[in-house]
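In what follows, a single structure is set out as structure tokens and then discussed.
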Amino acid sequence: MVGMTLSYEARKQLYLRLLMAPALLLMAGLIVFPAFYAIALSLTNEALLGFAARDSSFVGLRNFTRLFTDPLFWNSLKVTLIFVIGSAVIGQFAFGLLSALCLRRPIRFKAIFNSIIVLPNAVPEMVVGFIWISMYATGEYGTLNRIVGWFGVEPQQWLFSFPLMAIIIVNTWRGIAFAMILLTSGLESIPKDVYEAAKVDGATDRQIFFRITLPMLMPTIFLYMFVSTVTTFAIFGLVYTLSRGGPANSTEIIGIYIYNQSFTAFQLGYGAAVAVVSLVISMLIGVFYVRALKVKI
Amino acid sequence: MSRIELEGVWKSFGDVEVIKGVDIVVEQGEFAVFVGPSGCGKSTLLRLVAGLESISKGEFRLGGKRMNEVSPDRRGIAMVFQSYALYPHMTVADNIGFALSLKKIPKPEIRKRVEEVAAILRMEDLLARKPVELSGGQRQRVAIGRAIVKRPQVILFDEPLSNLDAMLRVQMRAEIQRLHQEFGSTIIYVTHDQVEALTMAQKIVVLQGGAVAQIGAPMALYKKPENAFVAQFIGSPKMNLLPAQIERAGGDSCVARIGMQAISIPARAGFASGDEIRIGIRPEHIRVSKNGQSDLKSSVALIERLGSETYLHLEAEHEPVVVRIEGDMQADVGDEIGIVFDRVHCHYFNRSGSSVAA
């Protein structure tokens, strides 16, 4: 009977809220609650070993003051920054844009090229990790070593000699598809007759790219940068499988650092503090994109 | 320098032939209108001239020079698109000045020319705005400004007024004509609206199914259509076409039968007894009989009163006939009335649709 008295608008609102409810519940349970739990945890000396494990106590901001003087934390931030810029901002974006531009033209074997680019994204990140462990394997049987061997290069220890570069390459390879798909949709939204008008106006291909395509693609580029920066910042499984943050913390991105502090050093409180800081950084990045660059989500 | 010649031009997309051997000449400084129904190939023809599509067969010459292989940017042609195709991320000033900036013309010179064009199009106060902040008519002005700032030899218009409301359309029509007189560029203007064609053109090219149906001055097409298609396409409301059969030919006049009724028509060289023809007559050349004597009896199906004139939609021998009458007329749906054809303005078309000359 109550339903009968509601207006059409109100019933529609109710219906939409019901539709959103499962997603909101999941987000509350799996994201919002853990975030607040982490904040609470970060203010304690909770641990898995020692006295604190049995009897943890409130320590205020001690974990945070410790964190800012911890060279390993700053190292992990630096590594994360290089990883994000190298793989998401430069690698995935450049190759994604190039692929999007190339695959819009009528070229032969387009479907095959498309599959080659999209497949890595469909593979779970742990599996990607194992594929590339085999690729980077040391000794003459490592795939990459065999390839460079054809050109007379000695077998390398890729994950030891160029660890950060190695994980940047893997993440770039895996993420090109996302960049390509998003940028392709951005390119599609540029009307054909704008290009034609530019051609008639006398623009060369190069001028069209820099003065029409790129500026008109900017909203999509910023949206891509926003999503990829935040998701790459939070990567864990791929790097954990490949290097576990080593050698000597050289690939210890912030996700790995949190894991290592919490579950290798068993300092849950301190690990939570790092997690809270990483959450704040992610949120600041998000706010920057939305406010300063006017990204429409 | 800007005489346009299309000679034996064909264009096909895969197996589909869109333009089928077109020969058209547009003289320097002439205002030519390509007109025809949707799908007749008029826009494709324009794109061939602009260089946005390549010619499959035949030749396009501009000022005597073959242009088939010349890229759009080197043809010295400007184009105004149906959708305006403004650059959404640029201001009006940047849109207009874009072509000049590509040529690395110094900025003060660009600004001067943009301001000149803005003054001509009366949009000086819009220069700092983005296209999204403009109305349809204003966008159209910017598109035209972008074309004329280059001082091109040839300007192509692709249905430029079709997205505007009726009043703006009349206004822009006058404006485009004024610009043509001022600049003297050769203009090709594509439209499906025969009113635009009649009011603006010095030369009309009527296209049908990818081929030229007739080329001529507006009044020549109106008065002497070479075929039934042009006869019906040019003029509004369209010409009445009544199927008839020659009953008796010979002498100065012959008798044609429309359904059960007979009508005498002037003799033509091509007529023979039994020929099936179509008699064409425009609504303004038919009058309602007042003395009982008429060519054809009909009944009123619909009356449209526009104040200054009235359109009577009649049915005679199961064929629709439209009659235009000055002022108002007292009649009701279902009334039986007799109509009289002004023989001087009758057109006769044979079975294939070609005009039968006197």
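In what follows, every chain begins at residue 1, and chains take the letters A, B, ... in the order their sequences are listed. Values in this document were obtained by computation on a predicted structure and should not be read as measured data.
Contacts of B:S101 with chain A are made by both backbone and side-chain atoms, with heavy-atom separations under 4.5 Å. Only the side chain of A:Q207 comes within contact range of chain B, with at least one heavy atom under 4.5 Å from a heavy atom of that chain. Neither the backbone nor the side chain of B:R74 comes within contact range of chain A; no heavy atoms are under 4.5 Å apart. Proximity to chain A (any heavy atom under 4.5 Å) is shown, for B:L156, by neither the backbone nor the side chain.
The residue among B:S83, B:A50, B:P152, B:G51 with the most heavy atom pairs within less than 4.5 Å of chain A is B:S83. Most heavy-atom pairs under 4.5 Å with chain A: of the set B:H89, B:M90, B:R146, this distinction falls to B:H89.
Shown here is A:Y8, whose OH atom has no more than 12 heavy atoms of other residues, nucleotides or ligands within 6.0 Å. Residue A:K12 places its NZ atom among 12 or fewer non-hydrogen atoms of other residues, nucleotides or ligands, all under 6.0 Å distant. For A:D205, the CG atom is loosely surrounded, since the number of other residues' heavy atoms within 6.0 Å does not exceed 12. Annotation for A:M218: atom CE counts as buried by contact number, over 12 foreign heavy atoms lying within 6.0 Å. In B:K150, the NZ atom is crowded: over 12 heavy atoms of neighbouring residues, nucleotides or ligands sit closer than 6.0 Å. Few gaps surround OH on A:Y195; more than 12 heavy atoms of other groups in view lie less than 6.0 Å from it.
Residues of residues 174-181 of chain B lying within less than 4.5 angstrom of chain A, judged on heavy atoms, are absent. Contacts with chain B (heavy atom to heavy atom, under 4.5 Å) involve no residue of residues 165-175 of chain A.
Residues A:G202 and B:L102 come closest through the heavy atom pair C-CD1, 3.7 Å. In terms of heavy atoms, B:A85 sits closest to A:A197 at O-CB, 3.8 Å.
Summarising the geometry, atom CZ belonging to B:F81 is positioned 9.5 Å from atom NZ belonging to A:K192; distances are rounded to the nearest 0.5 Å. Between atom CG of residue A:D201 and atom CD1 of residue B:I77 there is a gap of 13.0 Å, rounded to the nearest 0.5 Å.
Looking at B:Y87, its side chain does come within 3.5 Å of a backbone N or O of A:A198 through a donor-acceptor pair.
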